[in-house]
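Note sheet for the following structure.
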Amino acid sequence: MTYPISRPRRLRKSEALRRLVRETHLQPSNFVYPLFVSEIVDQTTPIASMPGINNFPVKDIAAEADRAFKLGIPAVILFGTPSKKDATGSESLKTDGIIQKTIGEIKAHNPELLVITDVCLCEYTDHGHCGIIKDHDVDNDSTLEILARQAVSHVRAGADIVAPSDMMDGRVGAIRAALDDSGFAETAIMAYSAKYCSAFYGPFRDAVDSAPKFGDRQTYQMDPANAIEALKEIELDIAEGADIVMVKPALSYLDIISAARSEFAAPVAAYNVSGEYSMVKVAAQNNLVDEKRLTLEILTSIKRAGADIIITYHALEAAEWLK
Ligand code: PBG
């Protein structure tokens, strides 16, 4: 019998003791703050499905990026809504496209803040899918070519890291080759490696109007029931040149984050997605929970599971609370 020799409560007696033995330390340097920029709005506009999060016109973006930087958050990730959409997402390649202009704006004001770009077609296609449609499905290989051109275009505009989120096979390799050919061998890729086909993306698709107009994303995003397949996806992405791998969403996938952390020698990012964020906000608005405690508990659990990097809409508030 270990009791009463072993009494774990001895180390919980005071805040000083609890701090001394605390295993996980959440810091603003762990966070990436997502920013939505839009050609459709001409002033900062709240996103109804994500309380506290806004769609910004390019002219307002530098100020918001600056708020993140001043709080010690090292990076932002950009999502854009163009004014025109078409079958191949051609707006995403323009040198004066919404993302390209936004990168320039942020870098002009704050060159030290890291700018990560989401590389995908769903925000730019009129059908809302993440690639080119052939025979009623997303065609893998013709999509790769556009993704690679989009990634190069973002890096030319000044992006520090590109993050492909489309889940096509071979996209990390295609993007790596295109970046190297264009003289960007030093630019890192953060791959959305284990991205699940999840209902937790609902509020995001509202925000950027990217819900698929027909069908769903089950032929390219992962089945939530699979864990071994996630390790395979991560392994493939690392072999193709991914520098950082990602698990998305975060909360229902803490087991995947934990496995990724223990199996691979690459930084692991976790995406605390829109549905996870909005559930907290709506619960707090209804006084069902203590918002600050709940948010910090959630973010700590993602880090404890093994995430080195947490992409979260809570970033600004959490950084403020951690001061
Ligand atoms: C696709 C993309 C999505 C998210 C990030 N990149 C949505 C999707 O696959 O439909 C989701 C982010 C979130 O829900 O917060 N470009």
Side-chain angles (χ1 to χ4, degrees), residues 31-38 47-55 75-82 85 89 91-92 97-99 116-132 138 143 146-147 150-151 154 159 161-168 171-172 175 189-224 233 244-253 269-282 298-299 302 307 309-315:
F31 300 149
V32 173
Y33 181 46
L35 290 174
F36 294 100
V37 279
S38 171
I47 295 171
S49 58
M50 301 174 68
I53 299 296
N54 296 295
N55 241 321
V76 293
I77 184 165
L78 305 182
F79 297 97
T81 308
K85 304 194 183 208
E91 281 293 308
S92 72
I98 176 75
I99 291 298
I116 306 174
T117 58
D118 185 78
V119 173
C120 195
L121 291 185
C122 66
E123 292 113 288
Y124 302 91
T125 51
D126 49 16
H127 46 72
H129 278 287
C130 302
I132 307 295
V138 172
T143 300
I146 301 200
L147 292 169
Q150 188 186 123
H154 290 172
I161 299 175
V162 289
S165 68
D166 51 285
M167 286 301 277
M168 297 303 117
R171 88 270 209 226
V172 174
I175 290 171
I189 298 174
M190 174 168 79
Y192 286 73
S193 302
K195 178 175 179 179
Y196 287 88
C197 191
S198 171
F200 286 102
Y201 308 148
F204 174 96
R205 290 181 188 171
D206 252 16
V208 299
D209 183 29
S210 68
K213 301 284 181 292
F214 65 89
D216 55 35
R217 304 206 202 290
Q218 289 189 82
T219 68
Y220 43 107
Q221 298 182 345
M222 280 185 55
D223 182 340
E233 283 281 9
I244 299 170
V245 294
M246 194 199 297
V247 176
K248 178 186 173 187
L251 287 183
S252 292
Y253 301 87
Y271 201 138
N272 176 216
V273 300
S274 57
E276 298 172 331
Y277 170 84
S278 294
M279 288 197 303
V280 171
K281 286 287 167 183
V282 172
I298 284 173
L299 296 174
I302 297 171
I309 299 166
I310 304 172
I311 303 166
T312 179
Y313 304 99
H314 297 291

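Fair warning: this is a prediction, and the values are worked out from it, not measured in the lab. Both counts, for ligands and for their atoms, begin at 1 and track the order of listing. Along the sequence shown, residues are numbered consecutively beginning with 1.
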Would you mind running through ligand 1 and noting each atom that sits below 4.0 Å from a heavy atom of [X]?
| X | value |
| --- | --- |
| Lys248 | 2 (C), 3 (C), 4 (C), 5 (C), 6 (N), 11 (C), 12 (C) |
| Tyr271 | 12 (C), 15 (O) |
| Tyr313 | 12 (C), 13 (C), 15 (O) |
| Glu123 | 16 (N) |
| Arg217 | 8 (C), 9 (O), 10 (O) |
| Arg205 | 8 (C), 9 (O), 10 (O) |

Is the Phe214-His129 ring centre distance short of 6.0 angstrom?
yes
How far apart are the closest heavy atoms of [X] and [Y], and which atoms are they?
| X | Y | result |
| --- | --- | --- |
| Asp166 | Tyr220 | O-CD1, 3.3 Å |
| Tyr124 | Pro82 | CD2-CG, 3.5 Å |
| Met190 | Pro164 | O-CD, 3.4 Å |
| Met50 | Ala207 | SD-CB, 4.3 Å |

With a 4.0 Å cut-off on heavy atoms, is Glu276 touching ligand 1?
no
Quick one: nearest non-hydrogen protein atom to [atom], plus distance?
| atom | answer |
| --- | --- |
| atom 12 (C) of ligand 1 | Phe204 CD1, 3.3 Å |
| atom 14 (O) of ligand 1 | Ser274 OG, 2.7 Å |
| atom 2 (C) of ligand 1 | Lys195 NZ, 3.2 Å |

Rounded to the nearest 0.5 Å, how far apart are CG of Asp206 and CD1 of Ile47?
9.5 Å
Please report the interatomic distance OG1(Thr312) to OH(Tyr271), rounded to the nearest 0.5 Å.
9.0 Å
Residue portion contacting ligand 1 (non-hydrogen atoms closer than 4.0 Å) for [X]:
| X | value |
| --- | --- |
| Asp118 | side chain |
| Cys122 | side chain |
| Tyr277 | neither |

Would you confirm whether Glu276, through its side chain, and Ala250, through its main-chain N or O, come within 3.5 Å as a donor-acceptor pair?
yes
Taking side chain to side chain donor-acceptor pair (under 3.5 Å) as the cut-off, I'd like each qualifying pair that reaches into residues 189-200, sequence neighbours left out, listed once.
Asp118-Tyr192, Ser193-Asp237
For ligand 1 and Ser165, I'd like to know whether there is a polar contact (N/O to N/O, distance under 3.5 Å).
yes
